[in-house]
Chemist: 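The structure under discussion is supplied below as structure tokens; questions concerning it will follow.
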Amino acid sequence: MEENKFDVIVVGAGHAGIEAALASAKMGAKTIMFVIKYESIGRMSCNPTVGGPAKGHLAREIDALGGEIGHIADKTGIHFRMLNRKKGPAVWAPRTQNDRLQYSVEMRNVVEAQDNLDVVEEIIDEVLTDSHQKVIGVKSHLGDSYFAPKVILATGTFMRGTIHVGNVKFSGGRSGEPASINLSTNLLNYGFKLLRFKTGTPPRIDIRTANMNILEPQAGDENPQGFSFFRDVKLQNKINCYLTFTNSHTHKIIQDNLLKSSLYGGYVSGIGPRYCPSVEDKIVKFSGKERHQVFVEPEGINTYEAYVNGISNSLPPHIQVEFLHSIAGLEKAKIIRYAYAIEYDHVVPDEILPTLESKRLSGLYLAGQINGTSGYEEAAAQGIVTGINAVLSLEKKEELVFDRSQSYIGVLIDDLVTRGTNEPYRMFTSRAEYRLFLRQDNADERLMPIGYKLGLVSDTRWQKYLKVQEIKERELHYLRTTTCQKNILIREPTKFANILKRPKTLFSELKNFGYHQPEDLSDFIINKISIAIKYEGYLKRQLADIEKFNYMEKQALPEKIDFMEIKTIAYEAREKLVKYQPVSIGQAARISGVNRTDIMALIVYLKKIKTNKIGIQ
């Protein structure tokens with residue numbers, strides 16, 4: 001039927017699915033997004049927070065491209081903090097605590113208002129293909145077929161999701177929502193490799209039953225900063241978060257009941273996240289640690305529900321109550337929602353290309369936890385990439401590949417396609433070789449031109465961006481070329497930039513040397529200028545490294561190269577090259593198991609092909 005024909009189909013309406021569907025629709029493609037429960041669009045399944053180390057970088061990059069996660073996080077933020085302020089600017093990280101319900105409502109409003117985008121509540125059971133293994137659409141559990149040449153799977157934890165609480169388990173994509181069972185079987189029938197991952201969530205409590213006299217308040221920043229560039233959103237801290245700690249009694253209760261947990265009782269087979277461990281894992285793997293942080297974080301301004309961050313677990317309900325009551329300030333806390341673990345299927349990420357298109361089925365894109373990642377921001381980043389690339393492919397245009405030197409989005413995707421992951425992947429600043437260049441404060445400069453060219457960034461935002469760049473460049477030029485006169489603070493005339501370059505000199509102190517700050521110079525621009533001047537030498541060296549990196553990335557490999565025939569490359573390396581099918585020398589060099597001598601042998605082989613004018617058929 002004509003009404004069931006679309007350009008792009010998106011399966012899933014979490015953070016990945018929403019960004020994919022919005023990008024596709026904004027770029028003019030007729031798009032449909034499927035969700036299992038309509039009211040769960042944009043639901044924050046775990047902690048209602050956005051950002052943090054590296055995740056804040058991702059959120060700002062998505063925003064710079066024209067995505068929505070940062071914008072809605074700013075609109076619904078109730079507690080704002082810039083983390084890692086005591087460290088260098090490369091690792092400064094914005095973070096918000098959000099109103100869980102309002103975030104979902106605001107995101108749903110954006111989705112419903114978007115032209116070219118339909119939303120339907122149905123469970124998708126099958127990806128449909130033609131005889132050439134090209135995607136042609138999907139089929140729902142109700143038997144309806146929907147057709148499109150591009151399909152994006154953003155299924156989160158729903159594929160064969162199983163919820164565990166102690167020795168009790170039941171099917172579910174998350175608490176209160178059914179799992180998607182048949183789609184996994186469908187993908188297996190196409191030859192996809194699926195593995196099981198596990199994640200979990202802590203209990204939620206009624207914050208009125210906590211002892212607020214004992215809990216340590218954690219206030220938001222005095223001058224809150226959010227994620228969304230050049231959008232008029234007033235940021236306001238509306239609540240405090242609170243800190244307390246586990247203790248030896250807490251640890252003993254958990255230790256004595258380890259075998260009753262789903263994780264240590266043998267009920268869970270999936271691999272859990274190393275960097276966001278359950279409290280059982282903390283007690284076992286860090287047995288020498290006397291206490292662990294526990295943050296009590298309100299879930300909104302119109303609810304008494306609070307998220308107890310730091311005690312994710314899969315223990316039986318009565319044990320959850322017992323160990324919760326052993327924590328200072330939570331002795332009488334009442335649990336509203338019990339903690340649980342959840343297992344789900346994901347596709348082994350060596351199945352995907354740098355565009356996030358499947359290698360196995362043409363026109364099928366994968367985004368989010370289906371690729372083995374964890375977190376809202378990682379999912380949203382993949383979502384906007386799939387939406388962009390699905391439309392570019394439809395239009396017969398060159399698809400967009402983000403590289404490691406350009407963005408944290410590029411680091412994330414490159415890690416997945418060249419290294420894979422054997423645990424839920426989480427982004428860290430340490431994963432980015434060029435992190436001094438890839439800062440959260442300059443995401444607009446790095447990526448907004450791309451978003452605007454794609455039609456994802458509005459003209460209004462673009463003009464604001466250009467104005468900021470104009471002011472920044474004007475003032476940088478002035479500081480670098482203007483000499484302040486000799487006075488009691490300096491022995492001889494020197495450029496304002498050289499004064500600012502001094503490690504302990506603040507921008508505000510330039511007035512002591514005769515500098516007059518223009519009225520149009522905002523704190524946002526001042527921060528950009530200060531970093532540009534203070535880290536100029538480091539940035540020049542990093543940009544030189546990036547130039548070398550880009551040279552390697554431009555050394556493209558032929559599409560149909562037979563790596564197994566290159567006998568000068570070690571056999572293990574040839575196996576890895578066949579498995580990951582790198583598109584460039586640079587990507588090949590980053591594959592684990594491929595060493596420098598293998599790369600040199602590959603380069604020599606390619607030179608021989610070129611010299612002898614031998615084509616690869």
Side-chain angles (χ1 to χ4, degrees), residues 4 6 8-18 20-21 31-38 40-41 43 45 118-130 133-163 169-174 176-199 269-270 342-352 356-374 379 382-383 386-387 390 424:
N4 280 7
F6 298 86
V8 176
I9 291 171
V10 179
V11 180
H15 303 278
I18 286 171
T31 307
I32 186 171
M33 180 171 70
F34 290 98
V35 60
I36 290 178
K37 296 282 286 183
Y38 194 87
S40 72
I41 293 171
R43 180 168 289 171
S45 306
D118 292 344
V119 183
V120 173
E121 180 180 291
E122 280 203 74
I123 296 174
I124 298 303
D125 281 352
E126 295 180 42
V127 174
L128 304 175
T129 58
D130 63 14
Q133 296 293 282
K134 287 186 177 181
V135 165
I136 59 170
V138 298
K139 188 174 183 179
S140 79
H141 70 305
L142 298 177
D144 292 327
S145 293
Y146 298 84
F147 301 98
K150 306 294 176 184
V151 172
I152 299 169
L153 298 184
T155 52
T157 59
F158 281 75
M159 288 207 313
R160 285 198 300 203
T162 303
I163 293 173
K169 68 176 183 178
F170 51 92
S171 176
R174 61 184 162 210
E177 295 181 49
S180 170
I181 304 300
N182 296 328
L183 187 57
S184 287
T185 303
N186 177 240
L187 293 178
L188 286 168
N189 289 338
Y190 281 122
F192 283 91
K193 292 173 283 184
L194 304 185
L195 292 177
R196 298 285 275 177
F197 273 172
K198 165 257 173 190
T199 189
S269 60
I342 182 168
E343 281 186 293
Y344 57 94
D345 286 344
H346 76 94
V347 174
V348 178
D350 59 29
E351 295 271 4
I352 54 175
L356 296 182
E357 185 177 13
S358 158
K359 295 175 182 177
R360 198 172 294 275
L361 299 181
S362 176
L364 179 67
Y365 295 79
L366 309 179
Q369 285 174 287
I370 193 173
N371 286 333
T373 59
S374 67
Q382 295 169 73
T386 56

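Positions are given from 1 along the sequence. Quick note: numbers below take in every heavy atom, side chains included, and nothing from hydrogens, waters or symmetry partners. Computed from a predicted model, the values in this text were never measured in an experiment.
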Chemist: Counting distance only, does the side-chain N/O of Glu357 pair as donor-acceptor with the main-chain N or O of Gly363 below 3.5 Å?
Modeler: yes
Chemist: Considering non-hydrogen atoms only, spot the tightest contact between Pro178 and Ile36 and give its length.
Modeler: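 Taking every non-hydrogen atom into account, CG-CG2, 3.5 Å.
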Chemist: Under 3.5 Å, is there a donor-acceptor pair between the side chain of Thr386 and the main chain of Leu366?
Modeler: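 Side chain of Thr386 to backbone of Leu366: no pair is present.
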Chemist: Quick check for you: to the nearest 0.5 Å, what is the distance between Glu351 atom CD and Leu194 atom CG?
Modeler: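 Going from CD on Glu351 over to CG on Leu194, the span is 8.5 Å.
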Chemist: Can you give me the closest heavy-atom contact between Ala154 and Ala16, atom names plus distance?
Modeler: CB-CB, 3.8 Å
Chemist: Kindly compute the distance separating OG1 (Thr157) from CG (Asp345), expressed to the nearest 0.5 Å.
Modeler: 11.0 Å
Chemist: State plainly whether the residues Asp144 and Lys139 are in salt-bridge range, i.e. N to O under 4.0 Å.
Modeler: no
Chemist: For a 4.5 angstrom cut-off between non-hydrogen side-chain atoms, does Thr199 reach Pro424?
Modeler: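 They are not in contact (no side-chain heavy atoms under 4.5 Å apart), so the answer is no.
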Chemist: Going by atom types alone, do Tyr190 and Ser358 pair a side-chain donor with an acceptor below 3.5 Å?
Modeler: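 There is no such pair between these side chains.
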Chemist: With the side chain counted from C-beta on, respond yes when Phe192 and Leu364 share a heavy-atom pair under 4.5 Å apart, and no when they do not.
Modeler: yes
Chemist: Give me the ring orientation class for Phe6 and Tyr146: parallel if the planes are under 30° apart, tilted from 30 to 60°, perpendicular past 60°.
Modeler: tilted
Chemist: How close do Val151 and Gly137 get, counting heavy atoms only, and between which atoms?
Modeler: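 For Val151 versus Gly137, the nearest heavy atoms are CG2-O, 4.0 Å.
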Chemist: Which value, rounded to the nearest 0.5 Å, describes the distance between Arg160 atom CZ and Ser180 atom OG?
Modeler: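 Going from CZ on Arg160 over to OG on Ser180, the span is 10.0 Å.
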Chemist: Step through the shown structure and confirm whether more than 12 heavy atoms of other residues, nucleotides or ligands are within 6.0 Å of NZ on Lys134.
Modeler: no
Chemist: Can you name the nearest heavy-atom pair linking Ser145 to Asn4, along with the distance?
Modeler: O-ND2, 2.9 Å
Chemist: Quick one: does Gln369's side chain get under 4.5 Å of Phe197's, heavy atoms only?
Modeler: no
Chemist: State, with a plain yes or no, whether a side-chain heavy atom of Phe158 is found less than 4.5 Å away from one of Leu183.
Modeler: no
Chemist: Applying the side-chain contact (heavy atoms from CB on, under 4.5 Å) criterion to Leu153, which one of Val138, Val11, Val10 satisfies it?
Modeler: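 With Leu153 as partner, Val138, Val11, Val10 yield a single side-chain contact (heavy atoms from CB on, under 4.5 Å), made by Val11.
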Chemist: Of all the heavy-atom pairs spanning Gly270 and Lys198, show the shortest one and how long it is.
Modeler: O-CB, 3.7 Å
Chemist: If we only count heavy atoms from C-beta on, is the Arg43 to Arg174 side-chain gap below 4.5 Å?
Modeler: yes
Chemist: Can you name the closest pair of heavy atoms from Ile342 and Gly172 and give their distance?
Modeler: CD1-O, 3.5 Å
Chemist: Would you check if the side chain of Asn182 reaches a backbone N or O of Glu126 as a donor-acceptor pair within less than 3.5 Å?
Modeler: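 It does not hold such a pair.
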Chemist: Roughly how far, to the nearest 0.5 Å, is the NE2 atom of His15 from the OG atom of Ser45?
Modeler: 6.0 Å
Chemist: Side chains of Asn186 and Asp125: closer than 4.5 Å at any heavy-atom pair?
Modeler: no
Chemist: Considering only heavy atoms from C-beta outward, does the side chain of Glu122 approach that of Leu142 to under 4.5 Å?
Modeler: yes
Chemist: Please determine if Lys169 and Glu343 form a salt bridge, counting it only when a charged side-chain N lies under 4.0 Å from a carboxylate O.
Modeler: no
Chemist: For the CD1 atom of Ile9 and the CD1 atom of Ile152, what is their distance to the nearest 0.5 Å?
Modeler: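 Going from CD1 on Ile9 over to CD1 on Ile152, the span is 10.0 Å.
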Chemist: Quick one: does His346's side chain get under 4.5 Å of Asn371's, heavy atoms only?
Modeler: no
Chemist: Looking just at side-chain N and O atoms, do Arg196 and Ser269 make a donor-acceptor pair shorter than 3.5 Å?
Modeler: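 Checked: Arg196/Ser269 side chains show no N/O donor-acceptor pair below 3.5 Å.
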Chemist: Which value, rounded to the nearest 0.5 Å, describes the distance between Lys193 atom NZ and Asp350 atom CG?
Modeler: 3.5 Å
